[in-house]
Amino acid sequence: MIINNYIFIGLLLLAAIAFALAPILVARLIAPRKRSRTKSEPYECGVLTLGETWVRFRIQYYIFALMFVVFDVETLFLFPWAAGYASLGLFALVEMVVFLGFLLLGLVYAWAKGVLRWV
Amino acid sequence: MPTVGPSTLDFRDFFFVAPEMLLAVWGLVVLLLDLWLARRLDPAARRLWVGRVALAGTGLAFAVALAVGLVPLMARAYPEDAGSWLSKSTLDYLFDTDPSLFSGTLAGDLQVGAFDLLYIVLLGLIVGLSRAWSFTEEWGEFLALLFWATVGMMLLSAAEELITLFVALETMTICLYLATALEKTRRRSAEAGLKYFIYGSVSSALFLFGLSYVYGLTGTTHLSAIRRLLVEAQQSGLTANAAGATAVLLILAGFGFKIAAVPFHQWAPDAYEGAPAPAAAWIATGSKIASLIAFMKVFANALEPWASPDSNVLRPGWIGIVAVVAAVTMTYGNLAALRQRNFKRMLAYSSIAHGGYLLVGVIAVGLAADVSRAAGAVLFYLVVYAFANLGAFAAAAWLARDKESDQIDDLNGLGRKQPLLAICITLLMLSLIGIPPLGGFFGKLYVFMEALDERTASRGSISLVWLVGLALLNSVVSAFYYVRVLRAMFLREPAGKPMAAADRLIALPILLSTAVVVGAGLTPDLLMGVMQAAAAPMLTTPIVVHKLTAPTPVGPPAPKKPTPAFQYSADQMKKMGQMATGGAGPPGGGGPAPKAKAGTKSATPKSKAQAPASKKAENRP
Amino acid sequence: MTAFAVPTSWIFWAQEQAVELDRGLAVRWGLWLVVGFLAVFPGIVAYMVLLERKAAARFQDRIGPNRVGPLGLLQPIADALKLLTKEDLVPRGADALVHLAAPVLVIVSAFLMLAVIPFAVGMAPVDLPSGVLYLIAASSLSPLGVFLAGWSSRNKYSLLGAMRAVAQLVSYEIPQVLSVIPIVLWGGGLSLVAIFDKQADYGWFIASPPGLLAFLILLVASIAELNRAPFDIPEAESEIVAGFHTEYSGMRFSLFFLAEYLSVFAVGCLATALFLGGGMPIPFARFPLNLLDGSLARLVVVDLILLAVFAAKVFSFVLLMIWIRATLLRLRVDRLMNFAWKYLTPLAIVNILVAGIWYECVIRPGALTLGRWLGGTLVTGPMVAGLVWLAFWVNRREWAGEAAGPGRPSLEGARPDWETPGQTGASPQRAH
Amino acid sequence: MARILFLVIAGVGLTSALSTVLSRNLVRAAVSLAGFFFTVACLFILLEAEFLAALQVLIYVGAVSILLMFGIMLTRGVQGTDLVSGPSAARLPGIVVGLVVFAVLGYAIFEEKGLRTQYSWGALDERTAIARGSKEPGSPLRSAVNNMGKVVGVELMTRYVIAFELAGLLLTAALVGAVAVAHREEDETRSTGSGVPPEKPEPTADKPNP
């Protein structure tokens with residue numbers, strides 16, 4: 001049954017977490033620990049951070065993230081289509097041409113609008 | 001390899017969605033053309049050309065929609081002639097009285113055809129209105145979003161299945177959110193877009209959650225199948241069905257938002273005021289029509305068995321909830337509109353109030369003995385309301401163009417400067433109040449008469465008298481704020497610079513709306529006849545899509561469309577010409593029909609197409 | 001209120017029979033987990049690091065590590081010990097929990113990717129019906145980890161590096177995902193095992209024009225996904241110190257390092273399984289699968305062959321990556337984003353449709369024949385070539401403008417990655 | 001076994017949902033939300049819908065949470081404040097409303113009565129695993145569960161083709177609209193509308209210069 005496989009995945013997940021945490025724990029045990037104020041300061045060329053660290057970023061990042069989500073959602077449709085294509089006919093290809101055509105033209109629009117240019 | 005139930009796709013079905021496809025593609029054309037022109041032309045010329053192309057698109061879509069509507073009619077009217085230039089399979093397809101498309105996810109009946117045409121006409125007027133003045137830089141985007149919103153509306157009013165319905169609803173509203181926010185020079189526009197978006201997405205989530213409950217309860221998303229299952233389950237009303245009640249509440253929240261019914265109305269005034277007038281007009285008209293049609297389909301068709309248990313409206317059942325919502329909505333809308341000085345805001349509140357009246361109509365549909373008549377009344381109301389509102393928003397656009405404001409006071413003295421248009425606006429306002437003999441009066445009359453109908457009352461035995469009384473009282477209240485517009489136009493002296501003469505783009509919507517409103521008032525029977533014919537298939541078609549044997553996301557294949565085995569007699573041809581499609585078959589599994597409701601339903605369209613209905617029933621397993 | 005009294009057992013509900021564990025399965029899993037995931041794969045990764053150092057040294061006319069053990073073979077162990085004994089530092093002001101969780105998330109992502117790879121017949125840890133999708137989903141976790149690493153450090157360089165890294169990662173994730181879809185299309189399902197079987201019948205999927213293009217897109221996108229040169233802007237030492245992991249040191253840093261190499265390995269396995277016919281040594285032959293007759297001995301032999309070939313292919317893939325890293329220069333950040341959105345994504349999208357045509361030409365008609373293959377190549381080959389040409393032609397201005405010298409908007413209009421607030425003195429400008 | 005799994009997953013999900021709501025640090029709240037998305041994926045797996053689970057991880061954990069993070073990094077109004085959300089006056093009503101909604105939904109689910117062929121939701125104890133629902137290997141149910149991607153694809157291409165194409169249109173509209181709303185002409189240095197005087201940022205001054 002399917003769920004069996006996912007029990008393995010779950011175990012693997014736990015194993016990966018353990019695999020990542022174990023060395024850190026070991027390092028805690030065997031590594032030297034000498035705390036000092038200077039040492040724990042953020043590494044910005046030896047000068048303390050000026051102003052706020054968590055600055056506000058430009059909207060460009062957000063537009064890219066948004067386009068990423070749009071195209072990621074598009075794959076949500078592409079995967080089932082590709083998986084089921086064998087039992088469908090050529091019409092499925094045509095439907096996908098229409099679907100992708102719209103999205104591609106959306107991309108072309110964004111391109112022509114200049115938002116794809118990273119400055 | 002596991003075999004997958006071979007769902008089939010009938011490519012001829014795409015013929016009936018040609019207008020939608022055309023509009024979708026045309027939106028892209030406009031968008032890309034605008035981009036291309038932006039580098040070559042100055043803004044004014046670009047706006048002109050983009051607008052022209054968009055108008056051409058709506059014209060083309062109108063022609064296509066007309067053709068889509070007429071070809072089957074012509075073929076049925078002249079089968080011999082049609083046979084000479086259409087293939088046998090096409091002919092069979094056109095003669096097929098089953099109006100469902102794409103395995104029953106869409107309806108292809110008269111209601112869809114008529115409203116497709118209506119949407120396209122309204123869209124054309126709104127596109128023209130957008131050209132009237134320059135309120136945004138993003139012309140192509142704005143027009144494309146209007147086009148795509150229209151696609152959403154057309155498919156929303158055609159949807160016979162919850163997934164399609166939801167996607168169409170989202171397409172419509174998302175395009176409208178964005179169009180609302182596109183007037184980027186004004187902060188109000190962005191604010192309006194954001195408010196609209198946040199309220200809208202929350203209510204969409206609730207709506208989808210409600211739909212998932214319905215799916216979980218019934219195992220299907222097809223409206224007619226849901227109805228059949230609920231009838232078979234013999235649970236009339238929501239008594240002892242808490243899950244159903246929750247579903248109803250959640251779905252109601254979704255629709256309530258779209259039509260701005262009261263607990264979900266907060267977005268409307270801000271959105272109407274902040275949005276550019278054409279976008280607001282499209283929210284107020286197209287989106288409202290489509291949402292109400294979908295509302296009626298979901299509630300009065302799919303969830304009809306849950307309408308009310310028996311005698312009492314306020315017993316568990318969605319009618320009771322809707323009745324309360326309707327009462328609160330119209331009262332609140334009218335009272336709040338009284339205080340408004342801003343024209344668009346006033347229109348927003350008045351549209352909330354009209355949503356309340358329309359909900360009374362929906363209740364009447366839920367209770368009515370003659371569903372098509374009751375639904376026809378609601379559709380009639382919707383059409384008249386839409387045109388009256390469109391004219392009002394054209395006036396708002398005029399204000400925005402010349403005065404860059406939306407205050408009612410800015411209309412001062414219009415009656416002297418522009419008497420013709422001022423009289424037209426007056427007529428529209430009177431129609432919105434419901435003064436005879438304008439269309440608005442008959443809209444209200446029909447809706448309220450349906451609510452008070454004797455047979456309805458005998459079925460429900462409670463009367464909706466209190467609701468109708470409240471509605472009438474509200475109509476009186478509404479007169480005060482509509483009259484304020486008239487007073488400004490005719491009794492006040494103009495202040496500041498007067499408004500320039502309206503150009504064709506603004507005058508045309510006003511004149512056409514007035515013509516429709518007056519025409520509907522003078523010959524209400526004509527429009528009412530069309531609307532009743534349209535409403536008949538909308539709520540009564542039993543589209544048997546899949547037999548439910550098990551709760552499964554994958555239904556067994558849809559039964560093939562029954563190829564009509566009968567001869568096309570002249571008589572039947574006439575009937576089919578009226579597109580009286582199918583009629584209600586006997587409710588699936590038999591058993592004692594609950595509370596005789598299904599019985600009355602199935603007997604409803606008895607005047608029409610009895611023969612095809614029985615033929616189809618034979619063909620069905 | 002009977003409502004809450006009725007289903008007292010409700011919260012304990014689950015589908016009882018859905019889980020079936022037997023001893024054989026448990027042993028298999030145990031072996032995979034302990035031997036495979038906790039020993040062999042990390043070991044491979046450790047030696048990949050050594051390989052990279054050695055190879056890079058050769059490219060630069062050096063010798064590379066050769067002190068610890070014969071040929072420097074014990075170097076990874078020494079490195080691991082060194083890292084273990086480094087102090088575990090969390091900068092002041094950092095969000096300690098998130099700071100710890102970020103590398104774990106990245107590692108988990110890399111580990112999970114390996115769970116569905118069919119190394120040989122019956123040698124996939126698990127065969128999921130939605131294997132490909134699972135793989136993509138697992139790999140999509142790492143951008144989140146990268147962002148959290150940068151954000152939690154409370155260091156401007158870290159945050160800047162993280163934002164850039166995530167922007168790059170998500171941009172290249174799209175072509176990476178899209179380039180896999182032709183494989184799903186041809187494989188007729190999402191299971192990697194089914195895809196392997198299909199490649200036995202229809203030849204390696206790379207052996208077709210759309211397959212080749214998809215493979216190249218996958219290769220480029222994967223390099224970018226792994227933050228490796230020439231796409232290593234996110235950790236560009238000379239520009240933003242070390243990007244998102246500036247504040248990571250010792251074992252925590254090595255987790256990122258490990259995850260990167262583990263991902264390189266995983267992507268190598270992925271490309272091998274999806275495009276290069278898994279462990280099949282010959283493109284269009286069923287060998288060695290035709291040796292199978294159900295006996296265990298045969299199976300072992302076949303699996304050994306498959307494993308060896310698989311390992312060789314992954315090795316070549318990794319070598320290719322090292323080669324690319326040693327050869328190519330770092331891309332400028334605008335070029336980098338351009339390349340994802342203006343070249344790879346449109347190409348990958350259209351390539352999916354070409355892949356559909358290939359399916360109609362070659363796979364749907366029936367068994368593979370030379371004629372069909374040639375026909376398909378003749379039909380789709382020009383399409384693919386035309387597409388690639390078109391992609392570069394459309395973008396020609398970029399190159400032409402570059403050649404024209406100054407006046408390019410590229411750096412003239414360059415703006416910082418953040419909004420300048422304008423009203424406060426808290427500008428992120430540094431007094432340096 | 002599966003019950004324990006369910007309890008564990010539900011517990012983790014509840015914890016992360018609570019910490020999403022209660023965390024005052026926005027990024028942490030978003031991380032918790034991503035964790036919650038992940039537990040939803042786990043629940044999908046328990047329901048034998050692994051295809052949905054993979055999509056859930058891909059779309060929500062992989063994409064939407066990134067969008068959230070970028071949104072947080074973008075929209076913070078004033079610099080100098082920490083990335084936190086303050087305690088709201090609406091907290092108490094919010095809690096009350098949340099509990100009421102929870103109670104209503106819980107009541108609805110417990111009280112649900114199955115319609116004819118359906119299992120009642122409250123009686124899921126007696127329900128067998130979906131994949132076992134039908135023994136014969138070729139049954140639609142079984143293939144739907146074991147090969148959901150494929151079945152979804154076929155349905156999308158036939159029955160739901162309009163919804164599918166409309167979804168494409170919807171995505172395009174969202175993309176176009178978002179670009180149009182968010183895009184500012186690069187040449188224009190007009191203010192963002194917040195009353196800040198337009199200020200041309202110097203090209204290099206803000207670059208951290210190590």
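Throughout, protein chains are lettered first and strands after them, A, B, ... in sequence-line order, and every chain is numbered starting at 1.
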- Item | Gap between atom CG of D/Leu156 and atom CZ of A/Phe99 - 0.5 Å precision | 9.0 Å

- Most heavy-atom pairs under 4.5 Å with chain A, out of D/Leu166, D/Val64, D/Val161, D/Val176, belong to D/Val176

- Heavy-atom check, side chain of D/Leu171 versus side chain of A/Val73, under 4.5 Å: yes

- Query: Which one of A/Met96, A/Glu74, A/Met67, A/Glu95 has the most heavy-atom pairs closer than 4.5 Å to chain D?
  - Reply: A/Glu95

- Task: Hey, could you give me the CG/SG distance between A/Leu13 and D/Cys42, rounded to the nearest 0.5 Å?
- Result: 8.0 Å

- Query: Considering only heavy atoms from C-beta outward, does the side chain of D/Leu5 approach that of A/Ile7 to under 4.5 Å?
  - Reply: yes

- Task: Under 4.5 Å heavy-atom distance to chain D, tell me which part of A/Phe68 shows up: side chain, backbone, both or neither.
- Result: side chain

- Message: Give me the atom names and distance for the closest heavy-atom approach of D/Ala182 to A/Ile63.
- Response: CB-CD1, 3.9 Å

- Task: Select one option (side chain, backbone, both, neither) describing which atoms of D/Ala167 are under 4.5 Å from chain A's heavy atoms.
- Result: both

- Task: State the CD-CZ distance between D/Glu165 and A/Phe77, to the nearest 0.5 angstrom.
- Result: 10.0 Å

- Between D/Val179 and A/Ala110, what is the shortest heavy-atom contact and its length? CG2-CB, 4.3 Å

- Query: Under 6.0 Å from the CZ atom of A/Phe19, do we count more than 12 heavy atoms belonging to anything else shown?
  - Reply: yes

- Considering only heavy atoms, which portion of D/Phe164 lies under 4.5 Å from any heavy atom of chain A: side chain, backbone, both, or neither? both

- Shortest non-hydrogen separation from D/Phe70 to A/Ala65 and the atoms involved: CD2-CB, 3.6 Å

- Minimum heavy-atom separation for A/Pro80 to D/Val152, with atom names? CB-CG1, 3.9 Å

- Quick one: are A/Leu105 and D/Thr172 in side-chain contact, heavy atoms under 4.5 Å? no

- Query: Which distance, rounded to the nearest 0.5 Å, do you find between the OG1 of A/Thr75 and the CG of D/Leu58?
  - Reply: 5.0 Å

- Item | Between OH on residue A/Tyr85 and CE on residue D/Met157, distance to nearest 0.5 Å | 10.0 Å

- Message: Could you report the tightest heavy-atom contact between A/Ser87 and D/Lys150, atom names first, then the distance?
- Response: OG-CE, 4.3 Å

- Message: Checking A/Leu88 against D/Thr158 for the side-chain contact (heavy atoms from CB on, under 4.5 Å) test, could you report, in this order, the C-alpha distance in whole Å, the side-chain angles of both residues, the deciding distance, and whether it holds?
- Response: CA-CA 9 Å; A/Leu88 297 162; D/Thr158 52; 4.1 Å; yes

- Tightest non-hydrogen contact, residues A/Ala83 and D/Gly149, listed as CB-C, 4.1 Å

- Item | From D/Ile59 atom CD1 to A/Leu76 atom CG, the distance as rounded to the nearest 0.5 Å | 5.0 Å

- Item | chain D contact via A/Tyr62 - which portion, at a heavy-atom distance below 4.5 Å | both

- Note on the structure: Bottom line for D/Ala53: the part with an atom under 4.5 Å from chain A's heavy atoms is neither

- Note on the structure: Applying a strict 4.5 Å limit to non-hydrogen atoms, the region of A/Leu107 in contact with chain D is backbone

- Task: Give a yes or no on this: more than 12 heavy atoms of other residues, nucleotides or ligands lie within 6.0 Å of atom CZ of D/Phe38.
- Result: no

